[in-house]
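Each remark here refers to the structure printed beneath this line.
Computed from a prediction, not measured in an experiment: that's the story for all the values here.
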Amino acid sequence: MAVLLVAGVVPRASSAASTAGPRWPYPQKFCDERPRTAAPAGFGPAQTFGGDEHTNITGVGFERRGDRTVAVSTGQEGTLRAWALPGLTPLGEPERGGEIGRETEDVRTGRLNGRTVRVTAGDELRVVDAGTGRLIAPIMYLGEDNNVHAMVLFTLGGRLTAAVNDNGGDENEPGPDDVTLWDLASGTKAGKIDGDFSTVRTATIGGRAVLLTVNLGTDRYELGTAYPPAGTVSLWDPATRKEIARLPGHPPPAQPNGYTRLVYDQVHLAVGDLDGRPVALTGGGDNALRLWDLTTATQLAATTPIGHTDEIESFAVAERDGRRILVSGGADGTVMVWDLATRQRVEVLRDTAPTVKYPLFTDIPGMKPILSTWDDELRYWELGATGALEPILPGLGAGWILSFHGRPAHLGEESGRVRLRDLATRAPIGAPIPITGEQPVTRAVVTQLADRDVVIDVRNRIRIWDLYTGRRLGTILDVRSPGSREARPDVAQVSCTTLVLSGAGPVVRVWDLRTGRELRQLNGHDGTIVHIRTGVIGDRPIAVTTAEDDTARVWNLIDGTQLGPPISVDRRYGVIELTYLNGRTLLIRAGRDERIRMWDLGG
């Protein structure tokens with residue numbers, strides 16, 4: 001007993017009836033595992049499904065290049081792109097880290113009483129002589145700690161006027177960010193356009209000044225006012241302050257709980273001139289650019305995004321019609337099917353079922369991809385032969401769908417215990433496992449220990465349960481993996497033993513389930529471990545881990561050494577999986593950056 005306690009193992013007292021079976025912990029039994037596959041020294045660059053494109057457009061504008069006007073845009077992925085007009089066809093290669101040249105939003109120049117003036121907006125609106133810097137008009141108070149989104153100057157009734165879109169400072173927060181008109185010569189208000197806007201621009205249409213606003217709608221505030229919908233662009237007559245036209249713009253997608261990610265509020269707007277006619281360019285969180293004729297308030301051209309336009313929440317790799325496919329589900333309400341070999345999109349399943357929200361895919365060998373969704377209740381769907389999502393598994397509760405000895409099974413929670421059932425017949429497999437606590441099934445793993453089917457649950461300790469009797473075989477203490485933020489544990493069969501990998505802050509701890517001893521620690525990450533996946537490269541057992549340091553690391557599970565340099569996976573919010581194609585091991589990642597990326601790890 002003393003030896004077991006020192007090793008961190010507390011065996012459960014066994015009954016006489018259980019002495020006939022194998023006892024735990026088992027004696028140490030390592031075998032000399034010598035893979036034939038060479039250890040990779042590094043990994044190539046990521047390949048993006050669907051190709052390179054904007055994700056969440058962060059800026060738009062017009063530029064003069066040579067003898068022609070082109071459209072330019074920037075995206076959250078960090079590129080600047082140029083587009084030929086009027087068709088919005090790409091010009092050249094994306095420029096990494098480029099910026100759009102533009103005026104400061106809260107500083108403008110104009111002509112007042114025959115002189116050039118400089119107008120600045122902040123807590124106050126000030127008009128100074130551009131040459132001398134002397135104040136030449138009354139100071140106009142806007143608000144303490146005021147945030148100015150945009151200001152434009154135009155002539156209204158023959159007088160220089162400023163249209164200011166701001167938040168009104170502390171006195172109007174929270175509240176709608178309207179547009180206020182100011183007569184700059186007299187320093188008095190010339191009117192207000194009610195609404196909730198993120199910017200203001202001006203254009204000349206038919207010889208008269210028109211104001212354009214990007215509308216925030218009422219999504220962020222319960223105002224009880226019928227403002228224009230979020231993401232649309234309104235054209236206003238500043239003299240009457242009435243809406244004279246509306247561009248559909250880039251409305252945010254409907255969300256199941258009414259919440260819209262902030263990026264969809266941030267529609268960007270630029271105004272220009274194309275062959276003597278006023279035009280506008282818009283771009284936003286739907287990853288599309290749109291060119292508008294302002295005279296007719298019609299769309300001239302638009303780009304079509306290839307991939308998801310919101311966070312990718314889950315994906316699975318499967319086989320259909322003899323080829324490997326990847327099926328992804330996003331918060332944009334779409335399900336997309338990709339050819340794994342070519343990385344090209346082959347189908348978009350949009351609005352195939354009204355309840356496809358919060359999608360979570362499961363990949364089981366030999367089965368079609370299974371999708372679980374949540375819309376007041378848990379539902380399961382199958383990707384049918386025709387590409388439609390078909391409802392399946394009515395009444396199946398929450399849990400993990402997994403492959404158990406070659407057949408699909410479901411590990412779920414029943415009456416406060418964890419239970420494995422055959423997915424086809426719903427018949428129980430083994431006994432209920434008395435795992436308790438918050439969401440017990442999230443930290444449970446079905447594996448084998450010395451040819452015995454067991455269930456383990458990993459938190460601050462690892463408990464080992466016999467699947468068929470429900471008897472606790474033993475406990476490994478001091479695991480320090482509470483499960484509130486750490487990665488779900490994973491298991492691997494290496495060197496004739498069962499390894500359990502658990503996260504503890506930035507460290508991955510590797511346990512020998514035969515003996516209950518900690519074999520080693522995988523050190524290198526600088527941040528909490530987010531994902532742990534086990535697999536092989538050829539015949540070499542490996543693990544892939546990601547952490548909040550935005551990197552993925554590949555580990556040799558035989559000796560715990562790191563294979564190759566870290567892989568930059570950028571944003572830590574996402575999901576990773578290991579899969580295989582033509583003898584090669586592939587690491588696939590998707591998440592908030594809306595892209596699916598793949599690294600070839602070798603084979």
[atom2] on [Y] to [atom1] on [X], rounded to 0.5 Å:
X	Y	atom1	atom2	result
Ser328	Arg595	OG	CZ	9.5 Å
Asn56	Thr58	CG	OG1	8.5 Å
Leu274	Phe62	CG	CZ	7.5 Å
Leu80	Glu63	CG	CD	6.5 Å
Leu160	Asn113	CG	CG	9.0 Å
Ile576	Phe315	CD1	CZ	8.0 Å

Are any of the side-chain nitrogens in [X] or [Y] under 4.0 Å away from the carboxylate oxygens of its partner?
X	Y	result
Glu347	Arg320	yes
Asp237	Lys242	no
Lys192	Asp194	yes

Would the distance check show the side chain of [X] and the main-chain N or O of [Y] forming a donor-acceptor pair, the cut-off being under 3.5 Å?
X	Y	answer
Gln47	Arg597	no
Thr551	Ser568	no
Tyr380	Gly395	no
Asp196	Asp177	yes
Trp599	Ile567	no
Thr303	Leu289	yes
His268	Gln266	yes
Tyr227	Ala230	no
Arg290	Leu281	no
Asn165	Thr199	yes

List the steps, then state whether side chain to side chain contact (heavy atoms under 4.5 Å, CB included) holds for Thr79 with Thr74. CA-CA 6 Å; Thr79 66; Thr74 56; over 6 Å; no
Within the supplied structure, the quantity of interest is the number of heavy atoms (other residues, nucleotides, ligands) at a distance under 6.0 Å from [X] [atom1]; does it exceed 12?
X	atom1	value
Arg118	CZ	no
Gln299	CD	yes
Arg68	CZ	no
Arg134	CZ	no

So, do [X] and [Y] sit near enough that their side-chain heavy atoms are less than 4.5 Å apart?
X	Y	value
Val119	Thr109	no
Leu211	Leu181	yes
Ile136	Val128	no
His149	Val200	no
Thr204	Val210	no
Thr48	Arg343	no
Leu247	Leu235	yes
Leu269	Leu212	yes

State, without any angle test, whether [X] and [Y] hold a side-chain donor-acceptor pair at a distance under 3.5 Å.
X	Y	result
Arg111	Thr116	yes
Trp182	Thr161	no
Asn287	Glu53	no
Thr334	Asp332	yes
Arg246	Thr232	no
Trp83	Thr89	no
Thr579	Arg324	yes

[X] to [Y] - nearest heavy-atom pair and separation:
X	Y	answer
Thr295	Asp293	N-OD1, 2.9 Å
Leu184	Ala137	O-CB, 3.2 Å
Asn215	Ser234	ND2-OG, 2.9 Å
Ile100	Ser73	CD1-CA, 3.9 Å
Thr155	Ala209	O-CB, 4.3 Å
Asp166	Asn146	OD2-ND2, 2.9 Å

Counterpart residues, salt bridge (charged side-chain N to carboxylate O under 4.0 Å, His left out), relative to Arg81 (two or more places apart):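 Testing Arg81 for salt bridge (charged side-chain N to carboxylate O under 4.0 Å, His left out), a comparison that skips the adjacent residues, returns Asp52, Glu77.
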Could you walk me through whether Trp338 and Ile325 pass the side chain to side chain contact (heavy atoms under 4.5 Å, CB included) check? CA-CA 6 Å; Trp338 309 80; Ile325 61 170; over 6 Å; no
Give the C-alpha distance, both sets of side-chain angles, the deciding distance and a yes or no for side chain to side chain contact (heavy atoms under 4.5 Å, CB included) between Trp400 and Arg488. CA-CA 12 Å; Trp400 299 102; Arg488 187 169 187 263; 3.1 Å; yes
Could you please spell out the steps behind the side chain to side chain contact (heavy atoms under 4.5 Å, CB included) verdict for Val117 and Arg115? CA-CA 6 Å; Val117 295; Arg115 68 178 82 180; 4.0 Å; yes
